[in-house]
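See below for the structure under consideration.
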Amino acid sequence: MKKIEVRKATPADSKFLALCMLKSSRAGKSIGLFDLIFVVNDEEHLLSMLEKLTTSEVKTYCHYSNFLIAIIDGEVVGTLCNYEPRIATSELLSKALEALGASEKYEENASMVSLCSFQTDKRTWMLDFLIEKDGYSDLLIVRELLKKSLLTASLKGYRIVHTMVEIGSADILLVYKKLGFKVIDEKKCEVFKENFGRSGIVLLEFHL
């Protein structure tokens, strides 16, 4: 395996981040959360909206500054979002989406999905959008991304790391388990199943 470099994302990575966010949110499904939030039929338009979200003046958890980028031989091969819930709040996300002109139904849809999720603990370090580029499936890439993220979390004083995975997303769940995460809770929700075909969400935890 060639050397893996991990760096913080920049605005120049916004297109790659948008693709990864969309892929991660769909997680093998035909639609994901962002499809419900923006309600657009044109995928290019949807990706454009996600790019703008990553560079929005309102720094949501989707802001590029919360992402790490993995590189091999100058090629971007993966990403991981890591953020502090006490800073990147749901209120900021709503504000940023309003500024982007998200669908009028986004609040209703987002609220529906949030009912099927877990409340983020402001004392935890959160992970999301762990993605490798197509053609790469080496655990070393995600390990390097996670190592960098956990070092930052530790330096900031965090001792607990959380992430959420859809029930049925076997591949990403297996990856997190191999990285040392343990399932600590599960929430099943009929509305989630109706919209996404998945029965709910599992909460995973890692102790630093």
Side-chain angles (χ1 to χ4, degrees), residues 14-54 60-62 66-67 70 76-83 88 90 93-94 96-97 100 102-120 126-139 141-142 145-146 162-179 181 183-204:
S14 60
K15 187 177 290 293
F16 177 72
L17 296 179
L19 284 166
C20 290
M21 287 162 59
L22 186 58
K23 180 180 178 181
S24 177
S25 69
R26 289 176 175 171
K29 310 183 302 297
S30 58
I31 66 168
L33 175 60
F34 294 119
D35 294 278
L36 290 185
I37 287 176
F38 291 108
V39 194
V40 294
N41 295 322
D42 181 359
E43 186 154 310
E44 287 304 312
H45 183 199
L46 177 54
L47 287 169
S48 174
M49 298 292 272
L50 291 177
E51 281 187 55
K52 291 176 181 176
L53 185 59
T54 67
T60 71
Y61 79 101
C62 299
N66 290 321
F67 284 82
V76 174
V77 296
T79 189
L80 171 64
C81 174
N82 49 192
Y83 66 97
S90 57
L93 181 60
S94 292
L97 291 173
L100 286 174
S103 163
E104 291 180 0
K105 288 191 67 178
Y106 87 85
E107 282 194 8
E108 177 187 336
N109 289 331
S111 296
M112 172 201 72
V113 174
S114 70
L115 291 174
C116 305
S117 188
F118 296 94
Q119 289 295 109
T120 50
M126 286 295 299
L127 302 181
D128 205 343
F129 308 126
L130 177 58
I131 288 285
E132 291 175 310
K133 191 174 180 179
D134 289 345
Y136 291 87
S137 58
D138 196 311
L139 203 60
I141 294 173
V142 295
L145 285 164
L146 183 65
H162 279 172
T163 192
M164 290 176 255
V165 175
E166 292 176 1
I167 296 171
S169 295
D171 290 347
I172 188 64
L173 184 60
L174 182 60
V175 166
Y176 273 117
K177 285 183 175 179
K178 284 183 176 179
L179 293 172
F181 284 74
V183 174
I184 61 168
D185 205 351
E186 179 181 286
K187 183 179 288 188
K188 293 187 177 181
C189 180
E190 193 60 35
V191 178
F192 200 88
K193 189 172 184 178
E194 288 173 5
N195 281 272
F196 302 119
R198 298 280 171 83
S199 57
I201 300 285
V202 293
L203 180 67
L204 294 105

**OP:** Evaluate the side-chain contact (heavy atoms from CB on, under 4.5 Å) criterion for residues K133 and I141: first the C-alpha distance (whole Å), next the side-chain angles of each, then the deciding distance (0.1 Å), finally the verdict.
**Re:** CA-CA 10 Å; K133 191 174 180 179; I141 294 173; over 6 Å; no
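- Checking side-chain atoms of S25 against main-chain N and O of M21 turns up a donor-acceptor pair under 3.5 Å.
- Nearest heavy-atom pair, G78 versus L145, reported as atom, atom and distance to 0.1 Å: C-CD1, 4.1 Å.
- The minimum heavy-atom distance between D134 and K23, with the atom names listed, is OD1-NZ, 2.7 Å.
- At least one side-chain heavy atom of M164 sits under 4.5 Å from a side-chain heavy atom of M126.
- Counting non-hydrogen atoms of neighbouring residues, nucleotides and ligands closer than 6.0 angstrom, the CG atom of D171 reaches no more than 12 such neighbours.
- For the atom pair CD (E132) and CG (L139), the distance works out to 7.5 Å, reported to the nearest 0.5 Å.
- V165 has its side chain out of reach of V183: every pair of non-hydrogen atoms, C-beta onward, lies at least 4.5 Å apart.
- Between F181 and L146, some side-chain heavy-atom pair lies under the 4.5 Å cut-off.
- Residues K178 and V142 have side chains not in contact (no heavy-atom distance under 4.5 Å, counting atoms from C-beta outward).
- Under the 30°/60° scheme for interplanar angles, the aromatic rings of Y61 and F129 are found to lie parallel.
- When the shell of 6.0 Å around CD of E194 is examined, it contains more than 12 heavy atoms from other residues, nucleotides or ligands.
- Taken from NZ in K15 to OG in S48, the straight-line distance is 8.0 Å, to the nearest 0.5 Å.
- A distance-only check finds a donor-acceptor pair linking the side chain of N82 to the backbone of N66 [under 3.5 Å].
- A pairwise comparison of heavy atoms in T60 and A88 identifies C-CB, 4.0 Å as the closest pair.
- With a 4.5 Å cut-off on side-chain heavy atoms, L22 and D35 count as touching.
- To the nearest 0.5 Å, atom OG1 of residue T163 and atom CD1 of residue I172 are 7.5 Å apart.
- The SG atoms of C116 and C189 lie less than 2.5 Å from each other.
- The minimum heavy-atom distance linking L46 with R26 is given by the pair CD2-NH2, 3.9 Å.
- Nearest heavy-atom pair, E166 versus A27, reported as atom, atom and distance to 0.1 Å: OE1-CB, 4.1 Å.
- Using a 4.5 Å cut-off on side-chain heavy atoms (C-beta onward), T54 and L50 make no contact.
- Annotation: K29, atom NZ; neighbour count of heavy atoms from other residues, nucleotides and ligands within 6.0 Å is above 12.
- The line from CD1 of I131 to OG1 of T79 is 9.0 Å long, rounded to the nearest 0.5 Å.
- Using a 4.5 Å cut-off on side-chain heavy atoms (C-beta onward), I167 and F192 make no contact.
- No more than 12 heavy atoms of other residues, nucleotides or ligands shown are found within 6.0 angstrom of NZ on K52.
- Considering every non-hydrogen atom in both S199 and K193, the closest pair reads CA-CB, 4.3 Å.
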